[in-house]
Amino acid sequence: MALKVYNSLTRRKEEFRPLHEGRVGMYVCGPTVYSDVHLGNIRTFVSFDVIYRYLLHLGYKVRYVRNITDVGHLEGDADTDAEDKISKRARLEQLEPMEIVQRYMNGFHEMMHRFNNLDPNIEPRATGHIIEQIQMVQDILDNGYAYVVNGSVYFDTKKFQDEKGVYGQLSGRNLEELMQESRDNLKNQQEKRHPADFAIWIKAAPEHLMRWPSPWSVGFPGWHLECSTMSTKYLGHTFDIHGGGNDLKFPHHENEIAQNIGACGQAPAKYWLHANMLLMNGKKMSKSDGNTITARQLFTGDSPHISKPYSAMVIRYFMLMAHYRSTLDISDRALQAAEKGYQKMMNYLRLLDEMQPAQFAAEATPAGEAIRRLIRETHEGMDDDFNTAVAIAKMHELGSYINKLHARQLDFSQITAETWDELKTLFRAFIGDVFGLRSEQEQADRDEQALETLMDIILQLRQKARAQKDWETSDKIRDALAKINIRIKDSKDGSTWERIA
RNA sequence: GGCGACGUGGCCGAGUGGCUAGGCACGGCUCUGCAAAAGCUGGUACAGCGGUUCGAGUCCGCUCGUCGCCUCCA
């Protein structure tokens, strides 16, 4: 069965056919790094990570681009008295905007790794592509789909719609209605010709920290522009998959499409994929009414919403239990169920590796056929718009066979060697490569290994200091390590270390 | 107000008009020194009403309810 994906643009499942045989270009809207990454964000990135992983599993050569928004994302009344999210945070904390960006970008990366998301192939930043963005604004102006007012440049939505007729296609919106409705909250929008127009270059107010020279003013790019520019730069005018959270459909993605077509006449992506929201208590998480929980709180268990800590892998598994286009309601009970399910799943894999079968069946058997059918259905689940819920369900059914084989309730003479191999191959590939699940023990082992490597290096450096009678450095290292419960023991033969309880 | 999505057994959650989704929790049984794990097994769900159909959780309509987007949001 061929891979099918649900295309938000056509509102249908379509057979996936990449533009270039064997290759896939995928762009996913990344975070604006002005605060800690929120759990809902994490769900979206986990969803697209699995999509990326599955495409790789199918043998595609994928270029996965996920941006970092570090300028231009406004909050408040758009286009006028609005403030850039990063600038605002910088002002409040009295830091350089780039310090804010660096801090939260680091935190974002750490969290992505903790959830075992693969790194994208390219992670471009908006501030690193100002020149390209200015060029795109110029292209749009040259094509007549934008106009300059007082140093700011606005996209001419009405003209674009009159000539191209595609504005609103993705989000199912009618431009006429949009213009009507926005008339009520028109305040401070005198610069725009039409309420639905949006800024692509914004003249910076004197106190605005992030600013670049351009032909129109010293200013900064509009938020929607960066994705248009960077996807074009790294994936071409038209590429295969564009992803993001459901709430970005409008206006962000709608405007992105308008900009791309306005600049070069081509729509950016063939397939638009949108991940649904993560809910808590049946509602979208929101910081303002306390209906929120952070990943860190889940790890520590420090939240009134949960009874105990949950690991990143359990949370990842929990997310995979639902389809990415469905809303998912997080709760303590659901997480507990996920934890059990996750442990069970990892146990199947362990049993598969441990068992040493002898005496296979020579030819097809009913049990073997049932197993092979389930294996096929697992693949079909993923082929059907990345339905991880179905794939996991089928694997649990297969897991039951694995348990039976292990408990000798089903004998290896009931399946063929080939079936056994397929079963092993499936579990290894799906749990690790596709779902990106790893055992927490494995993680701990890896940390332990890293610690040993680090300690080797530290002891070598300290040994060098001691050889030079640099007692200050050597003692400093020993004292610092003692504080984190690592004891150094010096002897004639050199130094060793151990943990103290 | 406009656009859209959804309402599945105690909980989470799949579901292409006809065949047991799955996980968790709960009950019974097997195994077991005890426990756990595992296996077998049980409750017979699709918001309500009407329609289409030989047949609907799945299609259509209405009602009720929930949620999202429409301003920044993954």
Side-chain angles (χ1 to χ4, degrees), chain A residues 4 8 11 13 28-32 34-35 37-48 66 69 73-79 82-85 88 168 171-174 176-178 180-182 184-185 187 196 223 243-252 254 274-279 281-288 317-318 320-345 347-348 351 374 377-378 380-381 384-385 387-410:
Chain A
K4 283 188 180 161
S8 304
R11 279 153 237 231
K13 271 186 202 167
V28 173
C29 290
T32 301
Y34 70 104
S35 69
V37 61
H38 147 345
L39 198 64
N41 269 346
I42 294 174
R43 183 192 181 197
T44 297
F45 298 130
V46 165
S47 295
F48 284 102
R66 187 184 65 208
T69 297
H73 201 156
L74 304 177
E75 69 180 24
D77 280 337
D79 309 334
E83 188 168 14
D84 184 292
K85 286 181 180 224
K88 181 182 179 187
S171 57
R173 245 148 264 242
N174 179 313
E176 305 262 316
E177 284 171 9
L178 276 175
Q180 293 257 313
E181 283 159 28
S182 350
D184 299 336
N185 37 9
K187 50 178 177 175
W223 172 41
N246 220 351
D247 48 356
L248 291 183
K249 258 190 205 166
F250 187 87
H252 186 59
E254 197 68 74
H274 288 97
N276 217 323
M277 301 291 103
L278 181 65
L279 310 179
N281 302 322
K283 289 190 178 168
K284 185 173 169 175
M285 287 197 192
S286 147
K287 285 177 191 167
S288 52
Y317 179 88
F318 164 72
L320 300 186
M321 280 170 64
H323 188 260
Y324 77 91
R325 276 190 293 113
S326 300
T327 53
L328 173 61
D329 205 345
I330 195 168
S331 67
D332 194 52
R333 282 183 85 172
L335 284 167
Q336 282 187 32
E339 184 164 55
K340 287 283 181 65
Y342 162 76
Q343 285 163 353
K344 220 166 153 176
M345 186 66 78
N347 197 243
Y348 303 143
L351 292 179
L374 285 166
E377 287 171 351
T378 306
E380 285 169 356
D384 185 11
D385 195 29
N387 197 330
T388 51
V390 165
I392 285 178
K394 297 298 174 188
M395 286 173 73
H396 274 294
E397 291 193 57
L398 284 166
S400 167
Y401 280 99
I402 295 169
N403 282 331
K404 271 184 257 192
L405 284 165
H406 182 251
R408 306 265 165 87
Q409 290 171 359
L410 178 68

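Below, chains carry the letters A, B, ... as their sequence lines are ordered, and counting in each starts from 1.
- Side-chain atoms of A/Asp332 and A/Gln336 include a donor-acceptor pair closer than 3.5 Å.
- Straight-line distance from the CG atom of A/Asn246 to the P atom of B/C72: 16 Å, rounded to whole Å.
- Rounded to a whole Å, the CG atom of A/Asp329 is 13 Å from the P atom of B/G7.
- Heavy-atom contacts from other residues, nucleotides or ligands closer than 6.0 Å to CZ of A/Arg408 number 12 or fewer.
- One can place CZ of A/Arg43 at 13 Å from C1' of B/G68, the figure rounded to the nearest angstrom.
- RNA chain B is contacted by both A/Asn347 and A/Gly245; A/Asn347 maps to the nucleotide lying nearer its 5′ end (nearest heavy atom per residue).
- Regarding A/Ile402, its CD1 atom lies at a distance of 13 Å from the C1' atom of B/A38, rounded to whole Å.
- Residue-to-nucleotide proximity on RNA chain B shows that, of A/Thr327 and A/Ser400, the 5′-proximal contact is made by A/Thr327.
- Contact between the side-chain N/O atoms of A/Ser326 and the OP1/OP2 oxygens of B/A14 is found at a separation under 4.0 Å.
- Looking at A/Thr44 and A/Asn246, their side chains never come closer than 4.5 Å, going by heavy atoms from C-beta outward.
- Between the CZ atom of A/Arg173 and the P atom of B/G1 there is a distance of 17 Å, given to the nearest Å.
- Side-chain proximity of A/Lys344 to B/C24, B/A21, B/G39: nearest is B/C24.
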